[in-house]
Amino acid sequence: MRLFTTRRSFLGGVFVAPLLMGAARLSDARGGMDATKSRRPGPYLGAAVRIDQIEADARLAEAVLRDCASLTPEIDMKWDALQPGPGDWRTGPADGLVAFARRHGLEVRGHTLLWDQSTPAWAKARLERAPGDWKIVADYFQTVLGRYGEAVSEWDVVNEPIDSEAPDGLRATVFQKAYGPTYIERALHEARAHAPNARLVLNDYGFDYDNPVEHQRRAAFLRLLEQLKTSGAPLDGVGVQAHLDLSKGPLKREILAPFFTRIADLGLSIAITELDVKEDGRRGGVAERDRKVADHVQAYLDIALDQPSVTGLTTWGLSDRHSWLQKQPLHPSANPTGMNRGLPYDGALEPKPVYWTIQQAVAGAKGPSTLTSR
Ligand code: G3I
């Protein structure tokens with residue numbers, strides 16, 4: 001991944017590249033076919049993307065190619081996007097994203113196989129009608145992993161399985177109801193069978209702050225990881241989403257570092273999978289708001305990137321323009337001025353202070369020397 005190590009070289013690239021590139025096809029953005037790109041050692045930098053947005057916006061595509069070594073489909077590889085109906089497969093967008101990544105030598109994170117919220121209604125109905133019938137999951141995994149198994153280096157096999165309020169710490173998802181708590185282990189074995197070379201991951205949120213709910217969530221997640229490792233489940237790592245929120249701060253090393261260490265001590269890698277910042281209230285001038293976001297991310301990365309097991313950092317989008325946070329309800333006391341400014345680029349695709357914070361933190365991080373597939 002080409003990192004702009006100085007502001008000047010970056011800005012030169014930003015302002016010169018589009019002029020030079022003009023209407024150049026995206027495939028030229030990296031100097032043509034670039035199937036085997038050597039990547040600097042240390043954690044990768046990635047972003048959640050949508051292929052329709054990349055294809056519609058050459059400047060977004062340039063930012064993706066400039067900054068990312070890994071892509072995560074924000075929508076296109078979810079069950080409800082891939083198979084909205086029993087025989088209705090919509091693989092075009094995911095195929096397009098995989099082809100784009102392959103053309104430019106980028107890794108792809110598969111997001112996500114099992115997630116309650118992205119399970120299509122027809123599949124939920126079947127799971128509720130015939131609990132215990134694993135065939136619907138087996139068939140889905142066989143098709144999706146058969147199609148993308150070799151193109152995807154890491155799969156979020158189960159997304160957001162934790163509910164710290166539940167007696168067993170597991171969210172009462174349609175899968176948990178249909179198969180019981182062992183669905184997670186079954187899903188990991190099923191994924192391993194169809195994608196033997198991919199890294200298999202459990203991905204969840206709410207592990208970042210010093211408050212009772214997130215204490216319980218960290219404890220529930222660690223219990224689940226220990227159970228899975230004890231049972232020999234084929235689990236390679238975890239994804240911590242890191243949807244940060246200024247109103248929940250401050251971030252504390254004495255809270256976060258032991259959590260990362262406990263995960264690493266289980267022999268699991270850690271991917272930061274959905275970093276962004278909710279600047280609830282959105283009050284103050286843009287410069288002050290951007291400074292707060294950058295300082296908060298700096299505090300998080302100072303802790304997280306100290307952990308050698310952290311393999312990579314993915315932001316949940318690149319530009320505020322596309323952030324899911326624009327659609328989120330605001331705190332009643334919020335007095336929003338414009339869009340939430342929690343991603344590396346603003347709505348006009350200009351880099352903000354947090355862009356430099358992330359670039360310099362990732363560039364300086366040791367981390368694992370390569371993103372080893374299994
Ligand atoms: O594309 C359709 C559009 O045709 C239709 O008119 C519109 C009507 O609502 O819906 C559009 O699809 C929406 C899709 O985003 C694309 O914008 C879905 O309704 C909406 O539910 C979906 O939201 C996504 C959400 O996951 C559910 O898949 C968000 O963009 C995405 O950022 C969010 O990402 C999740 C991660 O996967 C897991 N971790 C939390 C994170 C934030 O919720």
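If you're wondering where the values come from, they're calculated on a predicted model, not measured in any experiment. Counting starts at 1 for both ligands and their atoms, in listed order.
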Judged by atom type as modelled, is there a donor-acceptor pair below 3.5 Å linking the side chain of Lys327 to the main-chain atoms of Ser323? no

With no hydrogens and no angle check, is any side-chain donor or acceptor of Gln326 less than 3.5 Å from a backbone partner on Asn340? yes

Could you tell me which residues satisfy ring pair (Phe, Tyr, Trp, His ring centres under 6.0 Å) with His194, sequence neighbours excluded, listed by chain and number? none

Option among Asn203, Thr315, Asp156 that satisfies the side chain to side chain donor-acceptor pair (under 3.5 Å) test with Thr273: Asn203

With a 4.0 Å heavy-atom cut-off, what residues sit around ligand 1? Arg50, Glu74, Ile75, Lys78, His111, Trp115, Gln117, Asn159, Glu160, Gln241, His243, Glu274, Trp316, Trp324, Lys327

Pairwise distance CG(Leu222) to CZ(Arg262) - rounded to 0.5 angstrom: 4.5 Å

For Gly169, does its backbone N or O pair with a side-chain atom of Asp163 as donor and acceptor, under 3.5 Å? no

